[in-house]
Amino acid sequence: MKPGVPDVPPHVVHNQTATMLEIGTNLLTHTAEQTRKLNVVEAKVLNQTSRIEIQLLENSLSTNKLEKEMLLQTTEISRLRDKNSRLESKVQMLESLQKGELEDMREEKNRLQSVVSTQMTAIESLERQLRVASINNTALQRQQAQIMESVHTLINMVATTGLLPGSQMWKDCADAYKAGHSDSGLYQIYINNRTEPVQVFCDMETGGGGWTVFQRRFNGSVDFQRSWKEYKMGFGDVLGEHWLGNEALYLLNSQGQYSMRVELMDWEGNPAHAYYDRFTLTSEIQQYRLYLRGYSGTAGRQSSLATNGISFSTRDQDNDNCDHCKCALMLTGGWWFDACGFSNLNGIYYTVGHNIRKLNGIKWHHFRGPSYSLRSTSMMIRPYDF
């Protein structure tokens, strides 16, 4: 022992050492706990820091992408601005051109209005002249009707005095020809010695003469779109275009054996004819059926008219051989149509320049084809033994 230092008992020293150890141990334990807690906090901080860094990286990438898109949009806007500038220049140029054209159009409009005004004045003048001409034409028509009436009166007077060729009892034009009358024109014949005469046109020149004409067309002055009754009784002017009449033709044919001749001419001035040795027409009860034999002539190598007994048809009496059609309505006129057939000389009269591709015109297929409308035709008969 050192002098001056009091002696401490051993058990006291032991207790103090134990106390110090306990205190040290507690401090270490507390320090370890604090360290653990600090480590936990540090780990959380590190995790949070990592997440923030990742988010920052993502934001950086997104920002870069947006910057690139913005750059592209800026470039596109610049391109569009340039294009818009060019378009504006074009629009200005077009507006300038259109303005000039508009002025030209206005001037043209004013000029046309002036021309129209002049034309309207001329039309009004022509209308006045047309009204005057129509009045004059009506007066001329009345005068013509009066003259025709006077002519017919004179004809009747001459016929009753026996001065008109035909006042003798001729049964057809062949009789008149044999009696010495060689001029073509109007004659009166007495069919089957009937008391009432029939006025006919006699062709005393064609093919030796003596022909009784029953159809003539040459200028379109007579409408051939007629009914059954009209074709039966006849129509038109004997000195002009006409159809003698089926009944008169039947009675004429019943006097003996007859031949028929058909005269044709196209719009180029080319003539042609068709000749039949035998011509036979039956009565109305048998629908004026037509029989022909012995074809020859220049109007085709074969006949364009059916020869084996074809009935006559009109728009109001269909007797053709077509089960599902009405030839007289489609092709117009009255005719021996068969199944609409190769001919129709009573179709619509078309003038030159309008006569091509006309199926309902004046047709003779084996002369000028199926759709060429002829200029003139005539049909006539005379005794077979003339």
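All residue numbers in this chain count up from 1 along the given sequence. These numbers were taken from a predicted model, which means no experiment stands behind them.
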Polar side-chain atom of E241 near backbone of S221 as donor-acceptor pair, under 3.5 Å: yes
S373 side-chain N/O to I362 backbone N/O, donor-acceptor pair under 3.5 Å: yes
Step-by-step side-chain contact (heavy atoms from CB on, under 4.5 Å) determination, I356 to W267: CA-CA 10 Å; I356 306 299; W267 285 97; over 6 Å; no
Cationic tip of R278 above Y291 ring, under 6.0 Å, 45° of axis: no
Aromatic plane relationship, H365 with F342 - under 30° parallel, 30 to 60° tilted, over 60° perpendicular: tilted
Cluster link L345 to L329, ILVMFWY, side chain under 4.5 Å: no
Stepwise side-chain contact (heavy atoms from CB on, under 4.5 Å) check, H242 with V213: CA-CA 9 Å; H242 72 282; V213 177; 4.3 Å; yes
Student check: side-chain heavy atoms of Q286 and S283 closer than 4.5 Å: yes
Minimum heavy-atom distance between W211 and T206, given as atom pair plus value: NE1-O, 2.8 Å
Donor-acceptor pair, side chain of N26 and main chain of E22, under 3.5 angstrom: yes
Rounded distance [0.5 Å steps], OG1 in T212 versus NZ in K171: 10.5 Å
R217 to Y349 six-membered ring, cation-pi geometry met (6.0 Å, 45°): no
Check: N319 side chain, S311 main-chain N or O, donor-acceptor pair, under 3.5 Å: no
Neighbour count >12 (heavy atoms, 6.0 Å) for atom CD1, I285: no
Side-chain heavy-atom pair Q257, D385 within 4.5 angstrom cut-off: no
Over all atoms of both residues, closest heavy-atom pair of N253 and L281: OD1-N, 2.9 Å
Evaluation steps, side-chain contact (heavy atoms from CB on, under 4.5 Å), between Q255 and I191: CA-CA 8 Å; Q255 297 179 133; I191 302 174; 3.7 Å; yes
side-chain contact (heavy atoms from CB on, under 4.5 Å) assessment of L252 paired with V198: CA-CA 10 Å; L252 184 63; V198 176; over 6 Å; no
Close side-chain approach of S304 and F367, heavy atoms under 4.5 Å: no
Donor-acceptor contact present, side-chain S184 to main-chain M204, <3.5 Å: yes
Side-chain donor or acceptor of S85 paired with backbone N/O of R81 under 3.5 Å: no
Within 6.0 Å of NZ in K229, more than 12 heavy atoms from elsewhere: no
Atom pair CD (E76) and CG (L72), whose distance is rounded to the nearest 0.5 Å: 9.0 Å
Atom of D320, atom of C327 and distance for their closest heavy-atom approach: OD2-N, 3.0 Å
Test: C340-C322 SG spacing under 2.5 Å: no
Minimum side-chain heavy-atom gap R261-D203 below 4.5 Å: no
Backbone N/O of T74 and side chain of S78: donor-acceptor pair under 3.5 Å: no
Aromatic contact, F386 with Y177 (centres under 6.0 Å): yes
Within 6.0 Å of OH in Y275, more than 12 heavy atoms from elsewhere: yes
Among Y288, F337, W336, the one residue meeting ring-ring contact (aromatic ring centres under 6.0 Å, His included) with F312: W336
Polar contact flag, side-chain donor to acceptor under 3.5 angstrom, E284-N246: no
Y276 and Y295 aromatic centres sub-6.0 Å: yes
Heavy-atom check, side chain of Q199 versus side chain of L186, under 4.5 Å: yes
Aromatic centroids of F235 and F224 separated by under 6.0 Å: yes
Single-linkage hydrophobic cluster, 4.5 Å side-chain cutoff, Y258 and Y250 together: yes
Aromatic centroids of W243 and F214 separated by under 6.0 Å: yes
Minimum side-chain heavy-atom gap F279-S259 below 4.5 Å: no
Separation of E107 CD from E103 CD (nearest 0.5 Å): 7.0 Å
Test item: T282 side-chain N/O and R289 main-chain N/O as donor-acceptor pair under 3.5 Å: yes
4.5 Å side-chain heavy-atom contact, L244 and V200: yes
Backbone of S227 reached by a side-chain donor or acceptor of E230 within 3.5 Å: yes
Distance (rounded to the nearest 0.5 Å) between D277 CG and M260 CE: 11.5 Å
Co-membership, hydrophobic cluster, residues M233 and V238, 4.5 Å side-chain: no
Nearest-0.5 Å distance that lies between atom OG in S378 and atom CE in M265: 9.5 Å
For C325 against M330, the heavy-atom pair lying closest together: CB-CE, 3.5 Å
Which atom of G334 lies closest to which atom of T314, heavy atoms considered: CA-CG2, 4.1 Å
Common cluster, V222/L264, ILVMFWY with side-chain heavy-atom separation under 4.5 Å: yes
Exam field: side chain N355 to backbone Y350, donor-acceptor pair closer than 3.5 Å: no
Smallest separation among heavy atoms of I189 and C173, with atom names: CG2-N, 4.3 Å
Transitive ILVMFWY side-chain link L374 to V352, under 4.5 Å: yes
Side-chain heavy atoms of V262 within contact of L305, under 4.5 Å: no
Residues, nucleotides or ligands: over 12 heavy atoms within 6.0 Å of Q55 CD: no
